[in-house]
Amino acid sequence: MPALAAWSAWTAFPPSFAPDDSTLAEILDGGQAFRWYGPTEHGVWSGSWGDTFAEVRRHPSGVLEWRAVTADARDPAAAVHRYFALDQDWAGWMDRLPWRSDAHLARCQAAFPHLRLLRQPFGETLLGFLCSATKQILQIKQMMRLLAERHGEPVAPGIHRLPTWDALARVPEAELRRCLLGFRARYIHETALRLQAEPDWLAVTEASPYAVAKERLCSLPGVGEKVADCVLLFGAGQLEAFPVDVWILRALSDRYGLQGWSPAQVARFGRAHFGPHAGLAQQFVFAWERRHGKAFPPDAATART
DNA sequence: TAGAGACCTGA
DNA sequence: CAGGTCTCT
């Protein structure tokens, strides 16, 4: 009998990563990643990326901690650090956002302490957002779950990883449709074939500067500006990426007075206003709009075009 | 860098 | 109708 995958011991996250429960939920299940489930009645989140399966919970002391298993039973600490980008200068980036002159941004930052951008595996991020068109988070998660169960290798007993693009290239489009993908099945199938024909395309794209990487991504079927920016922001650490979805459109319209602006115009405004880490600002504005937007109808003072 | 409709399926 | 893209006018 093969060695059973073993859990690492529960390990505390560093004090620099101390989100409250609501912010943790926003990080894990707010639309960046589609592979987290929770919290259980005991407050445990479980999720997976690549070959890693992890759990996150709050110790009675209040400290956030994690444990994980990996498919080949190597120490998962490095994988966890990379995924949560624990070695990055979040405090510095936060301080360099224009919160001093932007009261709404300051409010968003205050509302989600330690909100982070995840650094997910590039290929998986692409897969997730290729499925995201006109779908809610719940439905995207369902698609990912079916893809993993039916076409991904097991990483631990009962747990399957997402299929690699190589594996996806071997799945007929009709079979993909059975994973609730709908018209997105064609995008994924065709993308898989292209990636198969060019084995280092993903790695080269991930390592390319923002503008180049975005152009490359946009050449894939089903990938437009919004999806490309999500993939680069959540799967490549490109903080310049500024995805404009309906929430950001609404937020910039209602909070910044940009009624009637097109997505392209809003994107230009976002990069100019929020600066080189616009993608980070975007995450706060996005989270705030989803959670609190309804309680704050558009401000009459800014509601002029 | 305009606007409309199609594309799948299910909450 | 839904966190988008593609295509055509």
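Lettering follows sequence order; numbering is per chain, from 1.
- Close placement of the A:F129 and A:F34 rings is indicated, their centers lying within 6.0 Å of each other.
- Taking for each of A:T134 and A:Q142 the nucleotide of DNA chain B with the nearest heavy atom, the 5'-most of the two is the partner of A:T134.
- Taking the 5' to 3' direction, DNA chain B first and last meets chain A under 4.0 angstrom from a heavy atom at B:dT1 to B:dG10.
- A salt bridge between A:E206 and A:R119 is present, with a side-chain N of the basic residue lying under 4.0 Å from a carboxylate O of the acidic one.
- With rounding to whole Å, A:I188 atom CD1 is found 14 Å from C:dT5 atom P.
- The hydrophobic cluster around A:V212 extends to none of the other residues, as no ILVMFWY side-chain heavy atom falls under 4.5 Å of it.
- Residue A:I159 belongs to a hydrophobic cluster whose other members are A:W7, A:F53, A:V69, A:V155, with links defined by side-chain heavy atoms closer than 4.5 Å.
- Looking at heavy-atom distances under 4.0 Å, A:R268 makes contact with sugar-phosphate atoms alone, never a base.
- Between the CG atom of A:L130 and the P atom of C:dT5 there is a distance of 10 Å, given to the nearest Å.
- Remark: DNA chain B forms stems of 3 or more consecutive Watson-Crick or G-U wobble pairs, all pair distances under 3.5 Å, at B:2-7 with C:4-9.
- Base engagement by A:I137 is indicated by at least one non-hydrogen atom pair under 4.0 Å involving a base atom.
- Summarising the geometry, the separation between CE on A:M143 and P on C:dA2 is reported as 15 Å, rounded to the nearest angstrom.
- Using atom C1' as the reference point in both C:dA2 and B:dC8, the two lie 12 Å apart (nearest Å).
- Atom P of B:dT1 sits at a distance of 23 Å from the matching atom of C:dC8, rounded to the whole Å.
- Counting to the nearest Å, the P atom of C:dG4 and the NZ atom of A:K214 are 14 Å from each other.
- Between A:Q136 atom CD and C:dG4 atom P there is a gap of 11 Å when expressed in whole angstrom units.
- Among residues two or more places apart in sequence or in another chain, the side chain to side chain contact (heavy atoms under 4.5 Å, CB included) test is passed with A:E149 by A:R145, A:L146.
- Contacts of A:A33 classified as side chain to side chain contact (heavy atoms under 4.5 Å, CB included), with partners at least two apart in sequence or in another chain: A:W36, A:Y83, A:L118, A:Q120.
- Near DNA chain B, meaning a heavy atom under 4.0 Å away, there are no residues from residues 220-234 of chain A.
- If you measure from atom CG of A:D245 to atom P of C:dC1, you get 19 Å, rounded to the nearest angstrom.
- Using a 4.0 Å cut-off between charged nitrogen and carboxylate oxygen, A:R100 and A:D95 count as a salt-bridge pair.
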Give the table of side-chain donor-acceptor pairs shorter than 3.5 Å for residues 274-288 of chain A, with sequence neighbours excluded, one pair per line with atom names and distance.
residue: A:Q282; atom: NE2; partner: A:G279; partner atom: O; Å: 3.1

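- Connectivity analysis of hydrophobic side chains (ILVMFWY, heavy atoms under 4.5 Å, direct or indirect) links A:L193 to nothing; its cluster partners are none.
- Look at CZ on A:F129: it is 15 Å from C1' on C:dA2, rounded to the nearest Å.
- Residues satisfying the side-chain hydrogen bond (donor to acceptor under 3.5 Å, both in side chains) test with A:E65, not counting sequence neighbours, are A:R57.
- A:R186 comes within contact range of no nucleotide atom at all, as no heavy-atom separation falls under 4.0 Å.
- A:D166 pairs by the salt bridge (charged side-chain N to carboxylate O under 4.0 Å, His left out) definition with nothing, not counting sequence neighbours.
- Residue A:G128 is out of contact with every strand shown, counting any heavy-atom pair closer than 4.0 Å.
- For A:A228, the side chain to side chain contact (heavy atoms under 4.5 Å, CB included) partners two or more places apart in sequence, or in a different chain, are A:K214, A:L217, A:C218, A:V223.
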